[in-house]
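Worth saying up front: this structure is predicted, and the values here are computed from it rather than measured.
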Amino acid sequence: MPQHETKLREDEAAVEAGLDALDTPPITARGAARRNLLRQVLAPLVALVAIVGLWQFLWSRAIWPEFQLPAPIAVWDQIQTLIDSGQVWEFLWVSVHRAVIGFLIALAVATPLGLLLAKVRLFRAAFGPLISGLQSLPSVAWVPAAVLWFGLTDATIYTVVLLGAVPSIANGLVAGIDQIPPILPRVGKVLGAGRIDSARYILLPAALPGYLAGMKQGWAFSWRSLMAAELIATSPQLGFGLGQYLHNGMALSDMSMVMAGILLIFFVGVGIELLLFRPLERSVLRARGLTGAH
């Protein structure tokens, strides 16, 4: 066999081996992924155990009276009582379904608002500072006004949630659109995309990371706004949610009840973040080949 043919076959074999190596994930990468997953699970658990341990230590030292700092087991007993009686599911349903509905309405309002702010200069100059100002305004400030406007009704709750969530979602979308390369909308225009098609097929997909960040913040503001509204606007006709449970604990001067309410509110917020927004964010970043996907 001629020498040059032998050399050519060796080169082809080397190229094929290299391609196979690219297709096969390295063992070290798999091991790193497992270590990363282990770290994500263990680190929060270790932190939680450390916090509970510190709490137990401070309680055992009796630095504060029992009505100010109850034992961790007393708070757990309160939560266990709610679970055993089934009341916890009622509280969660009342609060979470309100937050979800309010967030979805805010998303429907904030998306076209964000598109207008991003693409219409005059509209942005006029209303951009107002939207940013609303984002920095504490949601609890709207509760008295909403009560006077709508009384102790669901409209009061949803008004506070909307005013808390819409500015964050709209500003997140604006930030995402501002980072889109100008060539993309121009290409869409050349290909005949109108305003609606350009927004649907170019602007929103390209701005998705910033839009998603705004949605995450909007959900956080929705949840905070809802709790503020439920704490202040308490009425039997509004149902009995986590905010009302927390308010009752304060009225009864029952610190273990207050702490149980705080923990339930906290766990709902963390659960939505871990189960919904974090996987969605990772998939979006991974689809774009960004480093935040690991």
Side-chain angles (χ1 to χ4, degrees), residues 95-121 123-146 149-150 154-180 199-200 203-233 241-243 265-285 288 290 292:
S95 294
V96 173
H97 98 274
R98 277 178 179 163
V100 170
I101 293 174
F103 175 75
L104 293 177
I105 298 173
L107 192 62
V109 173
T111 300
L113 178 62
L115 290 171
L116 285 173
L117 288 170
K119 302 307 293 182
V120 181
R121 292 183 180 180
F123 189 85
R124 184 169 185 171
F127 293 99
L130 298 179
I131 299 298
S132 298
L134 286 174
Q135 185 175 357
S136 63
L137 183 67
S139 304
V140 68
W142 289 110
V143 179
W149 288 336
F150 305 109
D154 285 336
T156 295
I157 303 293
Y158 290 123
T159 298
V160 176
V161 171
L162 285 175
L163 290 170
V166 167
S168 297
I169 300 173
N171 281 335
L173 180 55
V174 171
I177 292 176
D178 286 345
Q179 297 174 20
I180 296 175
R200 181 180 176 183
L203 296 181
L204 288 178
L208 194 54
Y211 188 30
L212 183 58
M215 284 192 283
K216 284 179 59 178
Q217 192 175 39
W219 165 258
F221 275 92
S222 294
W223 189 238
R224 294 177 189 177
S225 303
L226 176 67
M227 290 302 105
E230 287 187 351
L231 271 168
I232 298 175
L242 292 174
I265 293 169
F266 172 76
F267 286 134
V268 170
V270 171
I272 296 294
E273 163 68 17
L274 294 179
L275 297 177
L276 178 62
F277 285 108
R278 185 167 293 184
L280 185 59
E281 184 179 36
R282 284 179 179 170
S283 66
V284 169
L285 294 177
R288 284 161 170 74
L290 300 177

> Mind checking what makes side-chain contact (heavy atoms from CB on, under 4.5 Å) contact with Leu280, not counting sequence neighbours?
Replying inline: Leu212, Ser283
> Does Phe123 have any side-chain contact (heavy atoms from CB on, under 4.5 Å) partners at least two apart in sequence or in another chain, and if so, which?
Replying inline: Leu113, Leu116, Leu117, Val120, Phe127
Determine all donor-acceptor pairs shorter than 3.5 Å in which one atom belongs to a side chain in residues 160-171; sequence neighbours excluded.
from: Asn171; atom 1: ND2; to: Gln135; atom 2: OE1; distance (Å): 2.5
from: Asn171; atom 1: ND2; to: Pro167; atom 2: O; distance (Å): 3.3

>> Could you go through Val100 and Leu104, starting from their C-alpha distance and side-chain angles, then the distance that decides it, and tell me whether this counts as side-chain contact (heavy atoms from CB on, under 4.5 Å)?
In response: CA-CA 6 Å; Val100 170; Leu104 293 177; 4.1 Å; yes
>> Suppose the criterion is salt bridge (charged side-chain N to carboxylate O under 4.0 Å, His left out): which pairs have a residue in residues 207-218, not counting sequence neighbours?
In response: Lys216-Glu273, Lys216-Glu281
> Looking at Ala99 and Trp223, what are the two nearest heavy atoms and their distance?
Replying inline: CB-CE3, 3.6 Å
Listing, residues 138-146 side-chain donor-acceptor contacts under 3.5 Å, not counting sequence neighbours, or none:
from: Ser139; atom 1: OG; to: Ser225; atom 2: OG; distance (Å): 2.7

> If you look at every heavy atom in Phe103 and Met215, which pair is closest and at what distance?
Replying inline: CE1-O, 3.5 Å
> Got a second to check how far Leu226's CG is from Leu231's CG, nearest 0.5 Å?
Replying inline: 9.5 Å
> Can you find a pair of side-chain heavy atoms, one from Trp149 and one from Thr156, that are under 4.5 Å apart?
Replying inline: no
> Can you list the residues that meet the side-chain contact (heavy atoms from CB on, under 4.5 Å) rule with Ala108, with sequence neighbours excluded?
Replying inline: none
> Can you list the residues that meet the side-chain hydrogen bond (donor to acceptor under 3.5 Å, both in side chains) rule with Ser95, with sequence neighbours excluded?
Replying inline: Glu230
> What is the distance from atom CD1 of Ile131 to atom OG of Ser136, rounded to the nearest 0.5 Å?
Replying inline: 11.5 Å
> How would you list, by chain and number, every residue that makes a side-chain hydrogen bond (donor to acceptor under 3.5 Å, both in side chains) with Thr111, sequence neighbours excluded?
Replying inline: Tyr211
